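It should be emphasised that the depicted structure is a prediction, and the values quoted were computed from it without experimental measurement. Letters A, B, ... mirror the listed sequences (proteins, then strands); counts begin at 1.
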Amino acid sequence: MTDYQGLTYLDNAATTPMPEEVLAVIDEYYRFNKVNVHRGIYQLAGRVTSAYEAVREQIAQWLHAPKPESVVFTSGTTDALNQVAFGYAQPRLHPGDEIIVSVLEHHSNLVPWQRVAAQTGARLRMVGMDSQGNLDYAQLAELINTHTKVVALTMVSNVLGTVVDVAKVAQLVHQYDGILVVDAAQAAAHLPIDVTAMDADFLSFSGHKMFGPTGIGVLYGKLARLEEMEPVRFGGEMVDLVTPTSATFQPLPIRLEAGTPNVAGVLGLGAAVKYLEKQDFAAIQKHEARLMQFLLTELQEVPEVKIYGPLDYQQRVGVVSFNVGKHHAHDVATILDASGVAVRAGHLCAEPLMQALNVSSVMRASFTFENQVADLQRLVDAVEQGGRILS
Amino acid sequence: MTDYQGLTYLDNAATTPMPEEVLAVIDEYYRFNKVNVHRGIYQLAGRVTSAYEAVREQIAQWLHAPKPESVVFTSGTTDALNQVAFGYAQPRLHPGDEIIVSVLEHHSNLVPWQRVAAQTGARLRMVGMDSQGNLDYAQLAELINTHTKVVALTMVSNVLGTVVDVAKVAQLVHQYDGILVVDAAQAAAHLPIDVTAMDADFLSFSGHKMFGPTGIGVLYGKLARLEEMEPVRFGGEMVDLVTPTSATFQPLPIRLEAGTPNVAGVLGLGAAVKYLEKQDFAAIQKHEARLMQFLLTELQEVPEVKIYGPLDYQQRVGVVSFNVGKHHAHDVATILDASGVAVRAGHLCAEPLMQALNVSSVMRASFTFENQVADLQRLVDAVEQGGRILS
Amino acid sequence: MNNLQELYQKVILNHAKNPVGYGTVPHANCVGALRNPECGDEITVYAEVDAQRIQQLGFTGAGCVISMASASMMVAQLNGRTLADAHQLWENFQNLVLQKDCDPDQLGDLAAFASLHQFPTRVRCGTLAWHALAEGLKEKGEVFDG
Amino acid sequence: MNNLQELYQKVILNHAKNPVGYGTVPHANCVGALRNPECGDEITVYAEVDAQRIQQLGFTGAGCVISMASASMMVAQLNGRTLADAHQLWENFQNLVLQKDCDPDQLGDLAAFASLHQFPTRVRCGTLAWHALAEGLKEKGEVFDG
Ligand SMILES: Cc1ncc(COP(=O)(O)O)c(C=O)c1O
Ligand SMILES: Cc1ncc(COP(=O)(O)O)c(C=O)c1O
């Protein structure tokens, strides 16, 4: 696992550390097998291509997707969500259509939809949250109607850690023939994901937030949806017959993967999924719940600390955002860092949520099942000290 | 350097091997410093961000670009060229405008332009080559006129190895107020690139074809051009103020880099550029010329071998495509592979060029300055053997 | 004989050089075309199917030794056979290629492809004509593939 | 005193708590606003410039201790000073932050930021108000930055 050399790393929601075994797979590729995929007649290219495609199958299984062709490799969640916005939604939305996002969204699941709405004349609507920071399902039920074409929601808030019941939303959305786009970036390292059970039309996540490498992510789509999608990038691999004036395209999923893919990234992502698969997920979730309970309890003891989102540890996953009195998050974060604790401070790429919380910035501590109570204890101690220095 | 374990790897135009020192940089990031960039207040995030931005500066210098802001990180050449096509050209082209590409283009520098032409009503024109496989400059001069808005050309053909005099083309294009887009994917590992001297408006290349990692590439653009460009991806990092209904964007280049970047990829790319910079380029070019001369001379000695493109070794860089009699490239390539020599066979993502050469597929041997005459000797021997087996 | 020599043995080279049934079929009612995107080769298979029987079979297109020989052998074996027979042979041939249990006696010349599995990047070439046939039959409502 | 204590020393905390010149300037003719995209904080600097002299200076906005203290000290030092003086102080302060040669005597309270360079991720906070002033002056044709 990445060794932060004494630093207590609690910015896992930004990117997680990476286990040795993932690095080993990347290293092996670069050390012995650095070839391109899909086009080589020589056996080494065939072997690497098989390994690459095996990761696709593995991820399909991990997500409970019916077919490997449902798994498209992207450069990350942002890339994946933009492909859905511009490759799927943009060509089929019209004035009068509606897109719904929530106030919990990361900018990556908001700004593309703003742009698509502006380009197509569709209306972008935003569903709020309840007093606990959970999605306001009642409001969502009111907002959804026959004009609703796309509902795009995060599965786990990267600020509040609240979990959206996407399966429940899917039912509602599908009643009105809309599609559900799930941003699982913050869910992938923490929750089991079953795209079939939740009935999402699209779902995406990033390798680097689930113990994998940077520069790689996944777009899952129902086959029918992916078939309807237009590529947003054109080039090598994804075409079939090209003449000076025309091009036909390959079948899924290659049609959506233009150019040389991030081969090392895909192989590393496969190793990261393997790493997650070999964990005892029930035990992990119990451990994470204990960490969350500890952190919420102890932070509340610190004078002036205000925690955002639910105080019930069972209602949140992996992240706790807070402020200390009127002290600015940047100042506190600097003091935490000087005490050897790394947390994020700022708007966390979720400005509408900051506006709803009526703050300009927060501090965020985020952990994975690799963390221990002692890590959180160091955080709590440092927060206490920070309050003192700044007062 | 990647150790292909006995295989004579001559598919360097698809992807090059990678030196130890590049891998070492990637490993160090994953082993000790795996944090996200740009948003962290803690010092480690600051240090990694500085290293990331230092690569941008380094690449700007390497390319002789006036400012680091001219360097945008992408996931590869294909991504970069698509950004130019859809972010720059598509919003400003109209019916009657003309785009010129050449018959030498890789699909990545052709299919996006086909799509942009179809979307905007612009006309896509294709300039041919002379009998030697060099760009037909006379025809280009005829094709360029006041309607010409974009000329998109490869710097080195990935099939014939011929070099396009992009500086000469730039002058012509700029006379008519068009812009020049250069695909330097095949040039980066072989030729010095000076964007200022050549006066390209945009230029792109891929890390994995120049001793760097997969999943990373560069789009260079003149600042004025990049300013005019619209982002094609929206999300974290690239925005400034986001409200539920609006977003403002960061300055260049961050505005064009949505989402978590391929941090390991960028750091690795920096190491690859360092590796190239420390070479004696004059010596490299001499060595490559000797390899080319040897390969062309020896291949011509093999019965039935037909070489495509110029037979003058000084007129080509890094790649030699050929066929053996009427034997299919796949059959010959299989035999070469069985003899321990890896070459590519097929249309090489350049179908219009195949049509112009009147073949359906070719074999391509491609090398870098890391190769030796002995590698090419093994290839020639294997080709000889292949002809015998198939006759 | 090593794997490579086995793959490029006489019977295969001969079929490729002088393919059986090269050309269109006058009364074809099932036509399937497939491209191998890697080399750009296209093969078209023509079949006249009547009363659940392949009355006449042919193919056109250019390609590598492997794809041409396999197409030629396919035509040689399936001409005049019932669709049921054809389906069985296709399964048998697939089994050979996938190294599963197969009946070499039924395979005729196709048995020469016994080493094809050693060249996984070429399996597509060796089965291209068969998939094209399947495409053609699909239009007639016959499920041949899979 | 360690670096951290130096960064958050009394003079800085006091400026942040009770900033000098907080508020708009009635006859301001140069107004510059800047956002720190990392925390979303925005600072606006108002200056009334006349005869190459900053007649009155003020700022509004919320921010961290570092940005507020730096803005407050800037106002305290530059009020009534010539643009040339202002430019010199800005250079001097930048040199301090970049660990180059600087004249601490001229810096006044700003000298308290001597350890800011140890916190490179906070340099932006410490210079935000100055860049906002530069933005405002730019509109008047004064090149202050760079
Ligand atoms: C000339 C040329 N242009 C573009 C590309 C596309 O590069 P990438 O696949 O890395 O995006 C390639 C290589 O495949 C190439 O050779
Ligand atoms: C909820 C959520 N969605 C989307 C993203 C964007 O992911 P990436 O930056 O890897 O594209 C993030 C992380 O930054 C996130 O937390």
Per side chain to side chain contact (heavy atoms under 4.5 Å, CB included), Leu219(B) is matched among Val84(B), Leu256(B), Asn82(B) by Val84(B)

Working for side-chain contact (heavy atoms from CB on, under 4.5 Å), residues Phe249(A) and Asp240(A): CA-CA 5 Å; Phe249(A) 302 119; Asp240(A) 185 1; 5.9 Å; no

Which atoms of Gln43(A) are under 4.5 Å from chain B, going by heavy atoms: the side chain, the backbone, both sets, or neither? both

Which bit of His208(B) comes within less than 4.5 Å of chain A, counting heavy atoms only: side chain, backbone, both or neither? both

Part of Ile41(B) lying under 4.5 Å from any heavy atom of chain A: both

Which pair of non-hydrogen atoms, one from Glu237(A) and one from Gln250(A), has the smallest distance, and what is that distance? O-CG, 3.3 Å

Proximal component of Val242(A), with respect to chain B [non-hydrogen, under 4.5 Å]: both

In terms of heavy-atom proximity below 4.5 Å to chain A, should Phe32(B) be classed as side chain, backbone, both, or neither? both

Honestly, the part of Thr16(A) sitting under 4.5 Å from a heavy atom of chain B is both

Under 4.5 Å from a heavy atom of chain A, the part of Pro17(B) involved: backbone

Between Tyr30(A) and chain B, with a heavy-atom cut-off of 4.5 Å, which part of the residue counts as in contact: side chain, backbone, both or neither? both

Cut-off 4.5 Å, heavy atoms of chain A, and the answer for Val232(B) is backbone

Listed by chain and number, what are the salt bridge (Lys or Arg N to Asp or Glu O under 4.0 Å) partners of Arg115(B), not counting sequence neighbours? Glu230(A)

Using ring centroids (six-membered ring only for Trp), state whether Tyr52(B) and Tyr29(B) fall under 6.0 Å. no

Is it the backbone or the side chain of Asp79(B) that comes under 4.5 Å from a heavy atom of chain A, or both, or neither? both

